Amino acid sequence: MKKRSDLMTKGPERAPHRSLLKADGFTDNELGKPIIGIANSFNEIIPGHIHLDKLAQSVKAGIYAAGGTPVEFNTIGVCDGIAMNHEGMKYSLPSRELIADSIEIMAMSHPFDGLVLMASCDKIVPGMLIAAARLNIPSIFLSGGPMLPGRIAGKELGLDKIFEAVGRVKSGVMTEEELRGYECDVCPGAGSCAGMFTANTMCNLSEALGMALPMNGSIPAVYAERVWLAKETGRCAVQLVEKNIKPRDIMTTDAFDNAIAVDMALGGSTNSALHIPAIAYYTDVDITLDDFDRMAQKVPHLTSIAPAGPHHVLDLYYAGGVPAIMAELRKKKLINTKPMTVYGKPLGKMLDEIKAEIKDTSVIRPIDRPVHQAGSLAVLKGNIAPGGAIVKRAAVAEEMLRHSGPARVFNSEEEAFQAIIDRNIHEGDVLVIRYEGPKGGPGMREMLSPTSALAGMGMDRSVALITDGRFSGATRGSAIGHVSPEAAAKGPIAIIEEGDIIEIDIPNKKLNLKITEKEIQRRLSTLPEFKPKVKTGYLARYASMVSSADKGAVFPK
């Protein structure tokens, strides 16, 4: 068969190309086989990626065994936890497009026949799926797997608890010595942080999209089964090339609906409402916040995984993972079984062949006995967020589902965080953190530190927070993000004044400022022009091109 890699390996005019490839050690036999690029985001700073160099060896073994030739290259990656609460977080979301660009550059400069995409964390996973959508050459995704939870005093804990512990130290209910114990124990080794935070959300949703093999999102990083999966992923990469199954054959409108449905059942991160529309955008599929709202109304929430509950992704693995959730949703026709998958067969046939079912109903609830009848995320709209905002409803205390209180307005995360730890925020307040959106930040920082400080100080049940920025998947409480349009684009969040009453009604999906429409228009008309915070470098270029959050924070095609 004619191969894409023939552009660098076939014919006398490609003798110089073959000469360079032979300098790498490749033989004529290897150059005649399907050449599979392995985009590996291994580095020595992200726990979820620290082991990907070793896992890549298993992928290569699978490719060789299936008759292909593997070629590994690397991408960058940001650890959101380490970048949190300082200038580094401004680079996290922008890295998504940069990662996609780098893979596109590598795969177009060196025409691989197929790709294996290896990542575990936050923006790297959607960045790789965006690259697959753009390139549309046979591709398969493999995550490094979740971290095991830590254990302190007999309780299993994850990274979210140490962020909250900082607030407890600040409020005097925990000692620094106890905090040190958390520091040493909550992250016991390799893998993406143990709860259903953004990294594990996206790794699990890659299965629902059809772009990863079953259990990709939940087999722990340190289990031998992760090595088996890596070998099988390598084998399937060659099979996808032979069958010419491409990402756009897999990531269809129905597949995106499936991903959103699983997201609602799983209790995923609010960041999925940023990344799923973005991946769809680059696949030429139109997915909006309205699709999340539609799914939230009909798909029940079936799990209680941290930060929304006591379980961790390890428990999801033992309970049957995403295949079990999809099999349960199929009972009520809440997923479409026809989309193709990297397994090489349509979703329904795959679920049948692997005999997907719930193995622990305390972790994955049966469809007729859900944790909540509505999906885990809620889309709010109103005069503060005409374009929409997102909240993880499943992680909000019952008493905060409806809340009305005075605005405490801050124009940066740092100002708000300082006010919290200085104990200048009081019960009933609604924190407004603005000019932290995609353009305004720039980079739309995650704000786990302010929300965790509130939770650690016991105020997550009495104080709400709204922002045009976003939150970590580890956030819990009445934390409403992605307010669109953002302040930098003269969205209504920019006109909120200290003491204005803000009304939050999550069950009825409303977010409103209690002033007249006439006053809103008056304030909007007097807003000054936004002055960019960063004027040079990548962030300046990013801010000049990026869309609003409700569109997925994407670049023009």
Side-chain angles (χ1 to χ4, degrees), residues 195-198 200-202 204-209 214 217-218 254-273 276 287-313 315-337 339 347-348 351 356-380 388 390-398 400-402 473 475-476 478 480 505-510:
M196 193 53 66
F197 314 146
T198 307
N200 286 322
T201 296
M202 295 310 301
N204 279 283
L205 294 188
S206 66
E207 291 182 54
L209 262 178
S218 57
D254 287 338
F256 281 106
D257 275 352
N258 285 346
I260 298 170
V262 171
D263 193 17
M264 295 300 165
L266 200 55
S269 164
T270 53
N271 284 311
S272 62
I276 292 295
I287 296 292
T288 69
L289 286 180
D290 290 338
D291 294 295
F292 283 79
D293 187 44
R294 172 172 55 86
M295 284 295 181
Q297 293 180 49
K298 65 179 184 178
V299 179
H301 177 213
L302 301 182
T303 69
S304 290
I305 301 173
H311 299 124
H312 292 87
V313 182
D315 302 301
L316 178 69
Y317 162 71
Y318 282 115
V322 164
I325 289 175
M326 298 190 86
E328 201 64 15
L329 294 178
R330 179 168 62 170
K331 293 177 180 178
K332 298 287 187 180
K333 297 183 178 179
L334 293 172
I335 59 165
N336 189 308
T337 58
L347 176 63
L351 293 176
E357 62 179 1
I358 299 175
K359 298 176 182 177
D360 184 345
T361 56
S362 71
V363 177
I364 302 174
R365 296 277 194 90
I367 194 79
D368 292 324
R369 191 165 50 85
V371 180
H372 300 106
Q373 286 294 339
S376 61
L377 301 181
V379 176
L380 311 184
I390 194 86
V391 63
K392 192 168 186 174
R393 171 170 41 196
V396 179
E398 187 71 26
M400 289 299 291
L401 290 173
R402 291 182 175 87
T475 290
R476 63 184 174 93
S478 186
I480 299 162
D505 186 345
I506 294 173
N508 290 307
K509 298 175 290 185
K510 294 179 180 178

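All figures in this text were calculated on a predicted structure; none of them were measured in a lab. For this chain, numbers begin at 1 and follow the sequence in order.
Atom NZ of K509 has more than 12 heavy atoms from other residues, nucleotides or ligands within 6.0 Å.
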side-chain contact (heavy atoms from CB on, under 4.5 Å) between V371 and S376, worked out
CA-CA 9 Å; V371 180; S376 61; over 6 Å; no

Give the intermediate values and the outcome of side-chain contact (heavy atoms from CB on, under 4.5 Å) for residues N336 and D257.
CA-CA 8 Å; N336 189 308; D257 275 352; over 6 Å; no

Please assess V379 against D290 for the test side-chain contact (heavy atoms from CB on, under 4.5 Å), listing each intermediate value before the final yes or no.
CA-CA 8 Å; V379 176; D290 290 338; 5.5 Å; no

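Sequence neighbours left out, the pairs with a member in residues 316-328 that pass salt bridge (Lys or Arg N to Asp or Glu O under 4.0 Å) are E328-K331. Here side chain to side chain donor-acceptor pair (under 3.5 Å) pairs that include residues 296-307, with residues two or more places apart or in two chains, are D293-Q297, H301-H372. Applying the side chain to side chain donor-acceptor pair (under 3.5 Å) test to pairs two or more places apart or on separate chains, those with a residue in residues 316-326 are Y223-Y318, E225-Y317. Pairs passing the salt bridge (Lys or Arg N to Asp or Glu O under 4.0 Å) check and including a residue from residues 300-309, sequence neighbours excluded, do not occur.
Between E207 and V262 the shortest side-chain heavy-atom distance does not fall below 4.5 Å. By the 4.5 Å heavy-atom criterion applied to side chains, F292 and I276 are counted as neighbours. Considering only heavy atoms from C-beta on, I287 comes within 4.5 Å of I260 through its side chain. Side-chain atoms of L351 and P323, non-hydrogen and from C-beta on, do get closer than 4.5 Å to each other. Within the 4.5 Å cutoff, side-chain heavy atoms of L266 are placed close to those of N204.
Looking at every heavy atom in both residues, N258 comes nearest to A208 through CB-O, 3.8 Å. Residues S218 and L316 approach most closely at CB-CD2, 4.3 Å, considering heavy atoms. The nearest pair of heavy atoms linking N200 to G217 is OD1-O, 4.3 Å. When all heavy atoms of A261 and V299 are compared, the pair lying nearest together is O-CG1, 3.3 Å. A pairwise comparison of heavy atoms in V313 and M196 identifies CG2-CE, 4.0 Å as the closest pair. Residues I390 and A273 share a closest heavy-atom pair of CD1-CB, 3.9 Å.
Residues that satisfy the side chain to side chain contact (heavy atoms under 4.5 Å, CB included) test with A374, not counting sequence neighbours, are R393. Under the side chain to side chain contact (heavy atoms under 4.5 Å, CB included) criterion, K332 pairs with L334, I367, D368, sequence neighbours left out. In this view, D315 satisfies the salt bridge (charged side-chain N to carboxylate O under 4.0 Å, His left out) rule with no residue, not counting sequence neighbours. Residues forming a side chain to side chain contact (heavy atoms under 4.5 Å, CB included) with S269 (at least two apart in sequence, or on another chain): T198, T201, N271. The side chain to side chain contact (heavy atoms under 4.5 Å, CB included) search around A395 returns A308, K392, R476, not counting sequence neighbours. Residues satisfying the salt bridge (charged side-chain N to carboxylate O under 4.0 Å, His left out) criterion with D360, sequence neighbours excluded, are absent altogether. Under the salt bridge (charged side-chain N to carboxylate O under 4.0 Å, His left out) criterion, D254 pairs with no residue, sequence neighbours left out. Taking R402 as the reference, D505 meet the salt bridge (charged side-chain N to carboxylate O under 4.0 Å, His left out) condition, with sequence neighbours excluded.
Rounding to the nearest 0.5 Å places CE of M295 at 10.5 Å from CG of D263. Separation of atoms CD1 (I358) and CG (L302) is listed at 7.0 Å; rounding is to 0.5 Å.
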